[in-house]
Amino acid sequence: MTAKRALFGIALLALTPGSASAMVPDADGEMRQYVRARLADADGMPEAAASSYAKLLQASPTDRRLALRTYRQALTAGNFKLAGQAARQLDSLAALPNDGTLMLFSEAVAARDWRLADQIATRIDREQVFGFLVPVMRGWVAFGRGSSDAARLSAPSGGSQLANAYSRDHHILIELAMGKDEALDDIRKLAAANDSRSLRLQLAAGALFAKRGQIEKARLALEGRAPELARARAQLDAGRPIPGAVDSAERGLSDLFAQLAIDVKGDGRSPISLQLARMACYMAPTNAAAMIATADLLSGNGYNESALKLTLQVPADNPLYEVARQQRSGILMLMGDRQAALGDAERAAERPGAPSNAFVELGGILSDLERHEEAAQAYQKAIDRDDAEGVKSWVHLFLKAGALDRSGDWEGAKALLRQANALAPGQAMILNYLGYGMLDRGENLAEAQTYIERASGLDPNDAAIADSLGWLYYKRGNYRGAIPALERAVAGDPGQSVMNEHLGDAYWAVGRRMEARYSWRAALVQADKASADRINRKLSDGPGETLSANDR
């Protein structure tokens, strides 16, 4: 055991006095098992942690806290047998959390025990927390039983907006699964939203029609510019099957839980969202969307190795394969294996007919590696791909502009930012980048002010834009006017070094020396060496600014 791990174990002993002895008779041995479980979890090894908790739970079956920890850790690890055992144990102790009832439901669905699943759905309705899911649950359970009531049960019924959103989507999927092809019209109407929910419906419908040999209907379902749709159409044209048909209750309910996991994700660290995603994988182990959602949440909670393994399970013939592959590159970057991520992205970009997002991914990794000229070249290939397909993306122009700027070519960057602004004149981030770039270089401050003030009007709560506005006022001598904007920027992003330094400069300029030094010290926390040297000089001697007569 490393010194770090040993210290962590000692800390656990200190933090939980008497807790292990209360759990089990053999306090010393079981305390070691408990510490082993906690260390495994802290080291991103959920499988080992779940195994240790299982052993503890066998020795102390009435301990509610231990049963709950075992349940959550087992689900995190994807140990569904243990998760089910712990959930039933919690239920017998009257300590099952509301999401635990969803686990019991998932078990019944995975076993195709539709009678039990229906009973648990009634319980979920009674518990209310996840009651908004019950109409869809009952619809898919009825479909699993072969009941003709499935579509009726899942139809939106004038309940809450949340319930109706899920009911709308799954009512369509159930109708399609029941052979009601007219539901295709509803999918084509929803496709206009061009969002993740409509994409999911399109892929499901296209895969289902293709599986049934209804090629023209599959083609209609798969219309759109999304790379996933293009990939599915290519497989259709080649006469290859398209995975992802939602034609079973297990798959439909898996999609429901995966979507809910995404919807409640928040910052990605919610244990509930991760466990919902795991349940989605339990009910339909081949559901690529559920795998991708689970991998995202595992990575967000620090379980990068487990997440990486899961992305490898998405097969190459799935329309979502490229999403999983890009996710894998992102996880490799998080783990510090940048060369592996780069190699993966380069291979994807070299494939014939590689989509523009493959070049965007490559450009992003090259930028992270500070290979900015090569990043700009990758982004240019994305732009070339757009041109070949007759589309224009201001995002790709914006990304290349950033890479050119970081490589030292501000003039080239500025020209691209102007093109991007002409293409999307209401984008605050373009206006802010263009305005701040000019401001930082002392170019045409009146024009820079026009861009920045317009950006601020479009997005007044953005911290970076507030910083640009405040720094603009400072540069133009309006120190007192600069302070409210800079304070707003720091409040929105307290750890940002540049914003704190700017605020310190403005405070100093109006004579608020103590507050200036406080802001500069805050700026030092995240400053690089060159910035730290500059800030330390300010702390020693001040920035050398003089007050205008109007600001004294």
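Just so it is clear, the structure is predicted and the values come from calculations on it, not from any experiment. Quick note: residue numbers are just sequence positions, from 1.
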With the side chain counted from C-beta on, respond yes when [X] and [Y] share a heavy-atom pair under 4.5 Å apart, and no when they do not.
X: F257; Y: F105; result: yes
X: R123; Y: Q119; result: no
X: R338; Y: L332; result: no
X: L75; Y: F80; result: yes
X: R168; Y: L190; result: yes
X: S254; Y: C281; result: no
X: L320; Y: E228; result: yes
X: R65; Y: L68; result: no

Quiz prompt | Short side-chain donor-acceptor distance under 3.5 Å, T286 and R251 | solution =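 Not at all, the side chains of R251 and T286 share no donor-acceptor pair under 3.5 Å.
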Quiz item: Have D467 and Q496 got a donor and an acceptor in their side chains that come within less than 3.5 Å?
Solution: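 Absent: no donor and acceptor within the cut-off.
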Hey, is [X] close enough to [Y] for a salt bridge, meaning N to O under 4.0 Å?
X: R325; Y: E322; result: yes
X: D247; Y: K211; result: yes
X: E305; Y: K309; result: no
X: D99; Y: R72; result: yes
X: K189; Y: D185; result: no

Self-check item: Pi-cation contact, F209 with R219 (under 6.0 Å, within 45°)
Solution: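 Here R219 fails the 6.0 Å and 45° test against F209.
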Quiz item: Are L176 and I187 close enough, and set up right, to give a side chain to side chain contact (heavy atoms under 4.5 Å, CB included), and what steps lead you there?
Solution: CA-CA 10 Å; L176 286 174; I187 286 182; 3.4 Å; yes
If you take all heavy atoms of [X] and [Y], which pair is closest and at what distance?
X: L297; Y: A261; answer: CD1-CB, 4.2 Å
X: S154; Y: V136; answer: CB-CA, 4.5 Å
X: R231; Y: P319; answer: CD-O, 3.5 Å
X: L458; Y: G426; answer: CD1-O, 3.6 Å
X: S329; Y: I365; answer: CB-CD1, 4.2 Å
X: M429; Y: W394; answer: SD-CH2, 3.8 Å

Let me confirm one number: the [atom1]-[atom2] distance from [X] to [Y], rounded to the nearest 0.5 Å.
X: M283; Y: L256; atom1: CE; atom2: CG; result: 7.0 Å
X: N357; Y: H396; atom1: CG; atom2: NE2; result: 7.5 Å
X: D255; Y: L260; atom1: CG; atom2: CG; result: 12.5 Å
X: S167; Y: L133; atom1: OG; atom2: CG; result: 9.0 Å
X: I292; Y: Q313; atom1: CD1; atom2: CD; result: 11.5 Å
X: R188; Y: L222; atom1: CZ; atom2: CG; result: 11.0 Å

Quiz item: Yes or no on side chain to side chain contact (heavy atoms under 4.5 Å, CB included) for L104 and E107, after CA distance, side-chain angles and deciding distance?
Solution: CA-CA 5 Å; L104 297 179; E107 259 196 330; 4.2 Å; yes
Quiz item: When you look at CE of M333, are more than 12 heavy atoms from neighbouring residues, nucleotides or ligands closer to it than 6.0 Å?
Solution: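 Yes - once you tally the heavy atoms of other residues, nucleotides and ligands closer than 6.0 Å, there are more than 12.
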Practice problem: Give a yes or no on whether R115 atom CZ has more than 12 heavy-atom contacts from other residues, nucleotides or ligands under 6.0 Å away. | Solution: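 Open: at most 12 neighbouring heavy atoms sit under 6.0 Å from CZ of R115.
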Quiz prompt | I124, L153, D125 screened by side chain to side chain contact (heavy atoms under 4.5 Å, CB included) with M137, the one that passes | solution =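 In the set I124, L153, D125, the residue that makes a side chain to side chain contact (heavy atoms under 4.5 Å, CB included) with M137 is I124.
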Exercise. Could you go through the salt bridge (charged side-chain N to carboxylate O under 4.0 Å, His left out) check for D263 and R197 one step at a time?
Key: CA-CA 11 Å; D263 291 345; R197 296 179 88 103; 3.0 Å; yes
Strictly distance-based, threshold 3.5 Å: is any side-chain N or O of [X] a donor or acceptor partner for the main-chain N or O of [Y]?
X: Q202; Y: E223; result: yes
X: N301; Y: Y303; result: no
X: R240; Y: Q235; result: no
X: S497; Y: Q526; result: no

Practice problem: Using ring pair (Phe, Tyr, Trp, His ring centres under 6.0 Å) as the criterion, list what pairs up with F359, not counting sequence neighbours. | Solution: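 Partners of F359 by the ring pair (Phe, Tyr, Trp, His ring centres under 6.0 Å) criterion come out as none, since no residue qualifies.
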Quiz item: W140 vs F143 aromatic rings, parallel, tilted or perpendicular, using cut-offs 30° and 60°?
Solution: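 Aromatic pair W140/F143 classed perpendicular.
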Quiz prompt | Under the side-chain hydrogen bond (donor to acceptor under 3.5 Å, both in side chains) test, residues paired with R328 that sit two or more places apart | solution =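 Partners of R328 by the side-chain hydrogen bond (donor to acceptor under 3.5 Å, both in side chains) criterion come out as none, since no residue qualifies.
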Exercise. Go through the steps to decide whether K217 and D181 satisfy the test salt bridge (charged side-chain N to carboxylate O under 4.0 Å, His left out), and finish with yes or no.
Key: CA-CA 9 Å; K217 287 184 177 178; D181 293 359; 2.9 Å; yes
Self-check item: Residue pair W114, V109: steps toward the side chain to side chain contact (heavy atoms under 4.5 Å, CB included) verdict
Solution: CA-CA 7 Å; W114 305 121; V109 170; 4.2 Å; yes
Practice problem: Take D195 and S198 through the side chain to side chain donor-acceptor pair (under 3.5 Å) test and state the conclusion after the steps. | Solution: CA-CA 6 Å; D195 58 14; S198 62; 2.9 Å; yes
Self-check item: Working for side chain to side chain contact (heavy atoms under 4.5 Å, CB included), residues L342 and L362
Solution: CA-CA 7 Å; L342 178 61; L362 177 59; 3.6 Å; yes
